[in-house]
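A quick write-up on the structure given underneath.
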Amino acid sequence: MRMPQRIRPQPKQPMWKVNDEAEPLDAAFDKFIGNAAGRDVRGREALDEEVKWQSLTHRSFDHARRPYNDKLAFLGKRILDLQTSLALLRSPPSARHTDDLDPHVFAHPALSTLDNLTPHTKAFTLSPKKLAQLATSYGLKSVVRWKPRQTANMESSGEDVVLATAVYAVVGALALQKGGEVAGRVARERVLKPLGLKD
């Protein structure tokens, strides 16, 4: 419930306006999902209207009175973590010093890429900064609904984390509505491939 009159003075920072129109939202989904959801399916048709809005709504928007994207982002992060691990295992093996290896240690070609799979490599690949740049390139920045703490300083308000959460949430929403195969394809083709991880 809101108070009829504002008690506190208005903050001395630019007013923050969020998108409430469907067309920019649909255009962002067309650009982000593309045809990865199916050959004859555009990005705007991949999700229901309500789920599209929820996947791009942060908890800070409207004091969390509307459905927000935390749970969808949790699922999407698990899917992107899995797809990142698989892509790192398929990538060429890192250079190793064979002189230092014990000659009695078993080495198999299938295990040669296991060194690529480190927590640091995964965290670097899926860093919030990189995902925020990717979300901006797809046009999600202009349609994500959230309330920054300081509109004059978006970085300190956590813009990168909010945009990364939106990317995760879209992948999670696709998993719930279209299944794991479509969500995995979108994760590989529309997130990991632009970040430099080839299939």
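Along the sequence shown, residues carry numbers from 1.
- For the atom pair K77 NZ and L75 CG, the distance stands at 12.5 Å (nearest 0.5 Å).
- Across every non-hydrogen atom of V167 and L80, the tightest pair is CG1-CD1, 4.5 Å.
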Note to self: Run the side chain to side chain contact (heavy atoms under 4.5 Å, CB included) test on W53 and R66 for me, step by step, so that the C-alpha distance in whole Å, both residues' side-chain angles and the decisive distance to 0.1 Å come before the verdict.
What the structure shows: CA-CA 10 Å; W53 284 110; R66 299 184 195 190; over 6 Å; no

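- With a 4.5 Å cut-off on side-chain heavy atoms, Y168 and I79 do not count as touching.
- The backbone N or O of E50 lies less than 3.5 Å from no partner atom in the side chain of D48, so there is not a single donor-acceptor pair.
- Y68 and V162 are not part of a single hydrophobic cluster, where members link through side-chain heavy atoms under 4.5 Å apart.
- Classified by interplanar angle (parallel below 30°, tilted 30° to 60°, perpendicular above 60°), the ring pair F32/Y138 is tilted.
- The shortest distance between side-chain heavy atoms of L174 and I33 falls below 4.5 Å.
- Residues L117 and L126 share a hydrophobic cluster, clusters being chains of Ile/Leu/Val/Met/Phe/Trp/Tyr side chains in contact below 4.5 Å.
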Next item on the list: Start with the C-alpha gap between T165 and N69, add the side-chain angles, then the distance that decides, and say whether side chain to side chain contact (heavy atoms under 4.5 Å, CB included) holds.
Entry: CA-CA 8 Å; T165 303; N69 61 6; 3.8 Å; yes

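- With no hydrogens or angles considered, no side-chain donor-acceptor pair links S157 and R149 at under 3.5 Å.
- Taking 4.5 Å as the limit, every side-chain heavy atom of V170 sits out of range of all side-chain heavy atoms of V186.
- Under a 3.5 Å cut-off, the side chain of D160 and the backbone N or O of E155 do not form any donor-acceptor pair.
- Judged purely by atom type and a 3.5 angstrom limit, R188 has no side-chain atom pairing as donor or acceptor with the backbone of A87.
- The closest donor-acceptor contact from the side chain of K31 to the backbone of S137 lies under 3.5 Å.
- Residues L89 and L197 share a hydrophobic cluster, clusters being chains of Ile/Leu/Val/Met/Phe/Trp/Tyr side chains in contact below 4.5 Å.
- Remark: K129 is not positioned above the aromatic ring of F124, lacking an NZ or CZ atom under 6.0 angstrom from the ring centre and at most 45 degrees off the axis.
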Check: Can V191 and L131 be said to form a side chain to side chain contact (heavy atoms under 4.5 Å, CB included), step by step?
Finding: CA-CA 8 Å; V191 180; L131 289 176; 3.9 Å; yes

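- No donor-acceptor pair closer than 3.5 Å links the side chain of S127 to the backbone N or O of A123.
- At a threshold of 4.5 Å between non-hydrogen side-chain atoms, the residues N35 and V41 do not count as touching.
- At least one donor-acceptor pair under 3.5 Å links the side chain of S60 to the backbone N or O of K147.
- A 4.5 Å side-chain heavy-atom check between R190 and R185 finds every atom pair outside the cut-off.
- Distance CG/D115 to CG/L88: 12.0 Å, rounded to 0.5 Å.
- For V143 against A28, the heavy-atom pair with the smallest separation is CG2-CB, 3.9 Å.
- Annotation: cation-pi pair R78/F74 present, NZ/CZ under 6.0 Å from the ring centroid and within 45° of its normal.
- Nearest approach of A169 to S55, heavy atoms of both residues: CB-O, 3.3 Å.
- Judged purely by atom type and a 3.5 angstrom limit, Q83 has no side-chain atom pairing as donor or acceptor with the backbone of L192.
- A distance of 9.5 Å separates CG in L47 from CD in E49, rounded to the nearest 0.5 Å.
- What you find for L134 and P194 is that their closest heavy atoms are CD1-CB, 3.6 Å.
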Next item on the list: In sequence, state the C-alpha distance, the side-chain angles, and the governing distance for D26 and K52, and then conclude on salt bridge (Lys or Arg N to Asp or Glu O under 4.0 Å).
Entry: CA-CA 9 Å; D26 289 341; K52 279 194 286 190; 2.6 Å; yes

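- What you find for A46 and Q177 is that their closest heavy atoms are O-OE1, 4.3 Å.
- With rounding to the nearest 0.5 angstrom, the CG atom of L86 is 11.0 Å from the OG atom of S91.
- When atom types are taken as modelled, the side chain of T125 and the backbone of T121 share a donor-acceptor pair closer than 3.5 angstrom.
- In this structure, CG in L82 is found 8.0 Å from NZ in K122, a value given to the nearest 0.5 Å.
- With sequence neighbours excluded, no residue satisfies side-chain hydrogen bond (donor to acceptor under 3.5 Å, both in side chains) with E45.
- Taking all atoms of both residues into account, the shortest heavy-atom contact from H58 to W146 is CB-CB, 3.5 Å.
- Evaluation of the side-chain hydrogen bond (donor to acceptor under 3.5 Å, both in side chains) rule for D30 yields R44 as partners, not counting sequence neighbours.
- Remark: L56 CG to F61 CZ distance equals 11.5 Å, nearest 0.5 Å.
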